[in-house]
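Convention: sequence-line order gives letters A, B, ...; per-chain numbering from 1. All of these numbers come straight from a predicted model, not from anything done at the bench.
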Number of protein chains: 2
Amino acid sequence: MEIRIGDLAKRSGCKVVTIRYYEKEGLLPKPARSGGNFRLYGEAHIERLQFIRHCRSLDMTLSEIRALLGLRDNPMQDCGEVNTLLEAHIQQVEMRVSALLQLKRHLVDLREKCSGSRSVEACGILQGLGNCNCHGESATNSQTSG
Amino acid sequence: MEIRIGDLAKRSGCKVVTIRYYEKEGLLPKPARSGGNFRLYGEAHIERLQFIRHCRSLDMTLSEIRALLGLRDNPMQDCGEVNTLLEAHIQQVEMRVSALLQLKRHLVDLREKCSGSRSVEACGILQGLGNCNCHGESATNSQTSG
DNA sequence: TAAAATCTCTATAGTCACTATAGAGTCAAG
DNA sequence: CTTGACTCTATAGTGACTATAGAGATTTTA
């Protein structure tokens, strides 16, 4: 009990500023304050913060985490939503992986193009980057002209 | 010649605002202006913008692209830097892929934990997210407490 | 007891690569 | 002369933090 923010940071492997940020974002409830206006945390905060950090380590967004915390906070609800959320997240990760693998193929192709001429002017890589065969459809970003 | 920004956008598969943004960031040179203060582009701009978009489609950062453009702009230099930059970028992508694959394994493990009890209270997924075995070392983010 | 070091507080701005908005000006067609 | 499509600048917002400044609280050391 009566843990100060620095100790909570050490216990959770999370920076002090990040803890305050989570509080501002409504993921962590506002803790009690000491006479000198320092935040004082208890066990529940530690556990909640570890939950958040674990979710973040799984690359969930703060709004996904907010949703999970909401489900956790009223445990009467149906468990199905948790599954749905996790399933959606797995699919996102899968899509990112396959996009990145395709990207890597492009890059490796490009690497082969260097003629070894030692002058930028004749570099096949730069030339390869110049003729734009693909058109706006990136691996990880999207941009459509309209 | 005398292409306006909207046409350039269509030709390059890139939004109008993005073109202005690239100009502000110094990737595209400031074009001539019409009597009514509209930007007027030529062939060189089209080609340069396509080069930028191609690099972006390969997920390069704007500062990587800035470096490549700098090399392209004085072609006397050694071609080796282009190779170095591309090699570094490929390694970054490889690291991201393996991080994401590890992440996916965690997520799939977690999915198995649902007891199917239909109540959030007993949901093995939420419990799995609670006990934080891993500590701060995320797949795609980093955060160290100090 | 005083000074120094460490911790904490708030508020604000910066990161990246855009995206969105507001409000005004320009130009071609009907 | 009005409509509509296009363009201009400037500013703020996105996500998940990070960095900074300037002040106050607490602990350690002399």
Q | Of residues 35-45 of chain B, the positions that come close to DNA chain C - non-hydrogen atoms, cut-off under 4.0 Å | A | Gly36(B), Phe38(B)
Q: May I ask you to check whether over 12 heavy atoms, not counting those of Glu81(B), lie within 6.0 Å of atom CD?
A: no
Q) Please walk me through it: do Arg111(A) and Glu87(B) pass salt bridge (Lys or Arg N to Asp or Glu O under 4.0 Å)? A) CA-CA 8 Å; Arg111(A) 185 173 50 184; Glu87(B) 194 61 46; 2.9 Å; yes
**Q.** Selection from dT8(C), dA17(C), dC17(D) that lies nearest to any side-chain heavy atom of Val16(A)
**A.** dT8(C)
Q: Ignoring backbone atoms, establish whether Thr18(B) has a side-chain N or O less than 4.0 Å from OP1 or OP2 of dT19(C).
A: yes
(Q) From CD1 of Ile5(B) over to C1' of dC27(C), roughly how many Å is that when rounded to an integer? (A) 16 Å
Q) Can you tell me if the side-chain N/O atoms of Arg33(A) get under 4.0 Å from OP1 or OP2 in dA25(D)? A) no
Q. Once you round it to whole Å, what is the distance between P of dT12(C) and OH of Tyr21(A)?
A. 17 Å
Q. What is the distance from CD of Glu25(B) to C1' of dC16(C), rounded to the nearest Å?
A. 9 Å
Q.
Distance check needed: dT27(D) P versus Asp7(A) CG, whole Å only.
A. 11 Å
**Q.** Value in whole Å for how far the C1' atom of dC8(D) lies from CD of Glu23(B)
**A.** 12 Å
Q) Nearest-Å distance, CD (Glu2(B)) to C1' (dC27(C))? A) 15 Å
**Q.** NZ/NE/NH1/NH2 to OD/OE distance under 4.0 Å, Lys104(B) and Asp109(B)
**A.** no
Q) If you count the non-hydrogen atoms of other residues, nucleotides and ligands that lie under 6.0 Å from CD in Glu64(A), is the total more than 12? A) yes
Q) Dot-bracket for DNA chain D: what is it, with Watson-Crick or G-U pairs under 3.5 Å, [ ] where a pair crosses earlier ones, and | for a pair to another strand? A) ||||||||||||||||||||||||||||||
Q: Answer yes or no for Arg33(A) and Phe38(A): cation-pi contact, defined as NZ/CZ to six-membered ring centre under 6.0 Å and angle to ring axis within 45°.
A: no
Q: Could you tell me which residues satisfy salt bridge (charged side-chain N to carboxylate O under 4.0 Å, His left out) with Arg105(B), sequence neighbours excluded, listed by chain and number?
A: none
Q | Donor-acceptor pair, side chain of Thr84(B) and main chain of Gly80(B), under 3.5 angstrom | A | yes
Q) Atom CZ of Arg20(B) to atom P of dA20(C): distance rounded to whole Å? A) 14 Å
Q | Rounded interatomic separation in angstrom, taking CD from Gln92(A) and P from dG15(D) | A | 14 Å
Q) When all nucleic acid strands are considered with a 4.0 Å heavy-atom cut-off, which category describes Arg4(A): base, sugar-phosphate, or nothing? A) sugar-phosphate
Q: Answer with yes or no whether the side chains of Tyr41(B) and Arg11(B) bring together a donor and an acceptor at under 3.5 Å.
A: no
(Q) If you compare every side-chain N and O of Tyr22(A) against the phosphate oxygens of dC17(D) (OP1, OP2), does one of them come in below 4.0 Å? (A) yes
Q: Identify, between Ser34(B) and Ser63(B), the residue whose nearest nucleotide on DNA chain C lies closer to the 5' end.
A: Ser63(B)
Q.
Less than 3.5 Å apart, any donor N or O on the side chain of Arg53(B) or Tyr22(B) sitting next to an acceptor on the other?
A. yes
